[in-house]
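Encoded as structure tokens, the structure appears first; notes follow it.
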There are 2 protein chains.
Amino acid sequence: MAYAEVFTALADPTRLHIFEALREQPKTVGELAAGQPVSRPAVSQHLKVLQSASLVSVEPQGNRRLYSIKRDGLEELRLYLESFWSDALTAYGAEIARRVKNKNV
Amino acid sequence: MAYAEVFTALADPTRLHIFEALREQPKTVGELAAGQPVSRPAVSQHLKVLQSASLVSVEPQGNRRLYSIKRDGLEELRLYLESFWSDALTAYGAEIARRVKNKNV
DNA sequence: CAGGTTGGTAAGCCATGACTTACAGTAAGT
DNA sequence: ACTTACTGTAAGTCATGGCTTACCAACCTG
């Protein structure tokens, strides 16, 4: 159930912004903080959450730390979504009509 | 940016459980509440959030209200995920190597 | 029509978590 | 080595939101 962690990670607006800021290219913490209305430590904390959700990865580069998007978390989410397009769900639309008719159970 | 609302909607564990409980079949509020460790009003409030995120739909049925999964919210999410598998992202892995070498901007 | 279901809403409480400032550590430059 | 840049961590504050109880409305049944 790793997808649950992905949901909570991307639920916060600031964190989602940070995540999407990494789409164009990998960035350092300072660069990310400059693009956000919050302090640098806040960004650091957000990155920690994103990292534990397998959404970003770090590449220590001398003094700095280069953050970039990691596919694992997204893949986790994609698999979860795919399961919703299964036969079980497609065949399940009839259930509504059935229960509307019989109005029981 | 409707996908943001989907993230926040599915971020809460209880709400995610309720949502997944609807996967097998449409259910009433009472049925959903019976399967959760929270009160019925709490479930009602969660359903309200899920509904505004286009994740569930309601079918008033006499006294009861039959909730079922709605695809719109999931589709929103799927489109968002798809955009991450674009060329922009695939071509972007090189950026890491580039910056590791040159260690600047 | 009276009583019993079913479910949405209001008000209020309380915990989670997002943010800030302050501090510590590590690497680079002079 | 000393100073400067960059980042992570700690501690504490405060708002958001999830939960409960109480209440109210709609519908169905006898």
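Taking for each of B/Gly62 and A/Arg40 the nucleotide of DNA chain D with the nearest heavy atom, the 5'-most of the two is the partner of A/Arg40. Nearer the 5' end of DNA chain C, as judged by each residue's closest nucleotide, is the contact made by A/Gln45, out of A/Gln45 and A/Asn63.
Contact annotation: B/Ser39 reaches the phosphate of D/dT20 (side-chain N/O to OP1 or OP2, under 4.0 Å). In this structure, A/His46 reaches the C/dC19 phosphate: one of its side-chain N or O atoms is under 4.0 Å from OP1 or OP2. Distances shown here put every side-chain N or O of A/Tyr67 at or beyond 4.0 Å from the OP1 or OP2 atom of D/dC6. The shortest distance between the side-chain N/O atoms of B/Thr14 and the OP1/OP2 oxygens of D/dC19 is below 4.0 Å. An OP1 or OP2 oxygen of C/dT6 is reached within less than 4.0 angstrom by no side-chain nitrogen or oxygen of B/Thr28.
The interatomic distance linking B/Glu59 (CD) with C/dT6 (P) rounds to 19 Å, in whole Å. The CG atom of B/Leu16 sits 18 Å away from the P atom of D/dG17 (whole-angstrom rounding). Between the CZ atom of A/Arg64 and the P atom of D/dA5 there is a distance of 12 Å, rounded to whole Å. Atom CZ in B/Arg15 sits about 8 Å away from atom P in D/dC19, given to the nearest Å. One interatomic measurement links the two molecules: CD of A/Gln51 to C1' of D/dT7, which rounds to 13 Å at whole-angstrom precision. Look at NZ on A/Lys48: it is 15 Å from P on C/dC19, rounded to the nearest Å. Rounded to whole Å, atom P of C/dA27 lies 14 Å from atom CD of A/Gln61. Protein atom CG of A/Asp12 is 17 Å distant from nucleotide atom P of D/dA15, rounded to whole Å.
For A/Pro41, the listed nucleotide lying nearest its side chain is C/dT21; candidates were D/dC6, C/dT21, C/dT9. Side chain of A/Val38, nearest nucleotide from C/dA18, C/dT20, D/dT20: C/dT20. Ranking D/dT7, C/dC19, C/dG7 by closeness to the A/Arg65 side chain, first place goes to D/dT7.
With contacts defined as side-chain heavy-atom distances shorter than 4.5 Å, the pair B/Glu75/A/Trp85 qualifies.
Between A/Phe19 and B/Phe7, the distance separating the two ring centers is not shorter than 6.0 angstrom.
A donor atom on one side chain and an acceptor atom on the other are found under 3.5 Å apart for A/Ser52 and A/Glu5. Under 3.5 Å, the side chains of A/Tyr80 and B/Glu20 contain a donor-acceptor pair of N or O atoms.
Because its NZ or CZ atom is both nearer than 6.0 Å to the ring centre of B/Phe84 and within 45° of the ring axis, A/Arg23 counts as a cation-pi partner of that residue.
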